[in-house]
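When a residue number appears, it is its place in the shown sequence, counting from 1.
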Amino acid sequence: MLIHTNKRYIIAFAATTVLLIAAVICFVWLLGHHGFLEVREERCYFSSELHLYCPGCGGSRAVLRLLEGDVIASVLSNPFPVYIILLLLRMWGALLYNTFLSRNGKEVTVLYEWEAWGILVVVLGIFIVRNLLLIFFGIDYLGDMTGAGYFLT
């Protein structure tokens with residue numbers, strides 16, 4: 001049998017798919033009609049007061065670069081959006097498999113524990129690496145702290 005006999009799986013898959021489609025439509029609408037994703041010139045409170053990058057710095061640029069098709073520039077701006085998109089696609093694929101293709105009760109795990117920990121690793125990793133490069137080596141590859149921080153001259 002191709003379709004899973006448990007109706008809960010079908011309902012969960014359908015609801016998740018509808019929510020994902022609605023989220024994409026809303027995102028595209030906001031992007032097109034309200035300038036939702038614009039790279040701001042002003043810094044956030046964290047970076048303006050501490051002169052360090054916060055974990056979210058570069059997130060808007062990362063999404064914009066991704067929408068433009070430049071994956072490398074997106075990851076260099078902030079790897080978190082790419083990680084989350086890939087994680088959500090894999091989770092949706094696992095849910096798709098469990099709903100329509102699993103046989104004899106053999107299901108794929110929708111979210112592994114290491115993937116959830118990966119979110120924390122990516123967020124803390126980008127925060128630590130960026131600020132260590134900025135403080136100890138004067139490397140500011142986003143260019144937001146040039147001339148504004150205590151660490152760069």
Side-chain angles (χ1 to χ4, degrees), residues 9 12-102 106-153:
Y9 284 103
F13 177 75
T16 305
T17 302
V18 168
L19 286 174
L20 286 173
I21 291 170
V24 168
I25 290 170
C26 288
F27 181 75
V28 169
W29 182 79
L30 284 172
L31 185 65
H33 289 88
H34 297 289
F36 181 65
L37 280 178
E38 294 178 2
V39 177
R40 299 182 320 176
E41 294 298 323
E42 68 271 0
R43 289 190 219 63
C44 68
Y45 182 78
F46 185 90
S47 61
S48 64
E49 293 299 317
L50 297 178
H51 304 288
L52 296 170
Y53 283 110
C54 73
C57 281
S60 296
R61 276 176 274 204
V63 173
L64 282 172
R65 299 303 174 263
L66 197 59
L67 291 172
E68 293 169 354
D70 193 352
V71 178
I72 294 175
S74 175
V75 170
L76 288 175
S77 294
N78 193 330
F80 187 68
V82 173
Y83 180 80
I84 289 299
I85 289 169
L86 292 174
L87 179 63
L88 289 175
L89 285 173
R90 200 216 52 80
M91 290 171 62
W92 186 80
L95 189 56
L96 173 71
Y97 177 83
N98 290 344
T99 303
F100 295 108
L101 303 173
S102 68
K106 295 181 182 179
E107 296 179 353
V108 176
T109 303
V110 176
L111 178 65
Y112 293 99
E113 186 177 343
W114 65 268
E115 291 172 322
W117 282 104
I119 295 169
L120 182 65
V121 169
V122 170
V123 170
L124 288 179
I126 192 65
F127 174 71
I128 292 168
V129 168
R130 270 191 191 157
N131 289 313
L132 287 177
L133 288 173
L134 182 66
I135 294 168
F136 293 111
F137 302 104
I139 298 171
D140 181 21
Y141 66 88
L142 286 181
D144 293 346
M145 298 296 167
T146 304
Y150 297 123
F151 307 109
L152 301 176
T153 56

**OP:** Not counting sequence neighbours, which residues clear side chain to side chain contact (heavy atoms under 4.5 Å, CB included) with Leu66? List them please.
**Re:** Val71, Ser74, Val82, Ile85
**OP:** Let me see the working for Ile119 and Phe80 under side-chain contact (heavy atoms from CB on, under 4.5 Å), right down to the final yes or no.
**Re:** CA-CA 8 Å; Ile119 295 169; Phe80 187 68; 3.5 Å; yes
Subject >> Residue pairs involving residues 115-129 (criterion side-chain hydrogen bond (donor to acceptor under 3.5 Å, both in side chains); sequence neighbours excluded) >> reply: Arg90-Glu115, Glu113-Trp117
Original post:
Can you find a pair of side-chain heavy atoms, one from Tyr53 and one from Phe46, that are under 4.5 Å apart?
Top reply: no
**OP:** Could you tell me which non-hydrogen atom of Thr99 sits nearest to which non-hydrogen atom of Leu95, and how far apart they are?
**Re:** OG1-O, 2.7 Å
Original post:
What is the distance from atom CG of Leu76 to atom CD1 of Ile126, rounded to the nearest 0.5 Å?
Top reply: 8.5 Å
Subject >> Distance in Å, Ile135 CD1 paired with Asp140 CG, rounded so as to fall on 0.5 Å steps >> reply: 11.5 Å
**OP:** Working to the nearest 0.5 Å, report the span between CG of Asn98 and OG1 of Thr109.
**Re:** 8.0 Å
Original post:
What heavy-atom pair brings Pro81 and Ala62 nearest, and what distance separates the two atoms?
Top reply: CG-CB, 3.9 Å
**OP:** Determine the minimum heavy-atom distance between Asn78 and Cys57, stating which atoms define it.
**Re:** ND2-O, 3.2 Å
Original post:
To the nearest 0.5 Å, what is the distance between CZ (Phe136) and CG (Asn131)?
Top reply: 10.5 Å
Original post:
Side chains of Thr17 and Trp92: closer than 4.5 Å at any heavy-atom pair?
Top reply: yes
Original post:
Is the number of heavy atoms from other residues, nucleotides or ligands within 6.0 Å of CD1 (Ile72) greater than 12?
Top reply: no
Subject >> Rounded distance [0.5 Å steps], CE in Met91 versus CG in Leu111 >> reply: 4.5 Å
Original post:
Roughly how far apart are Arg61 CZ and Leu142 CG, rounded to 0.5 Å?
Top reply: 5.0 Å
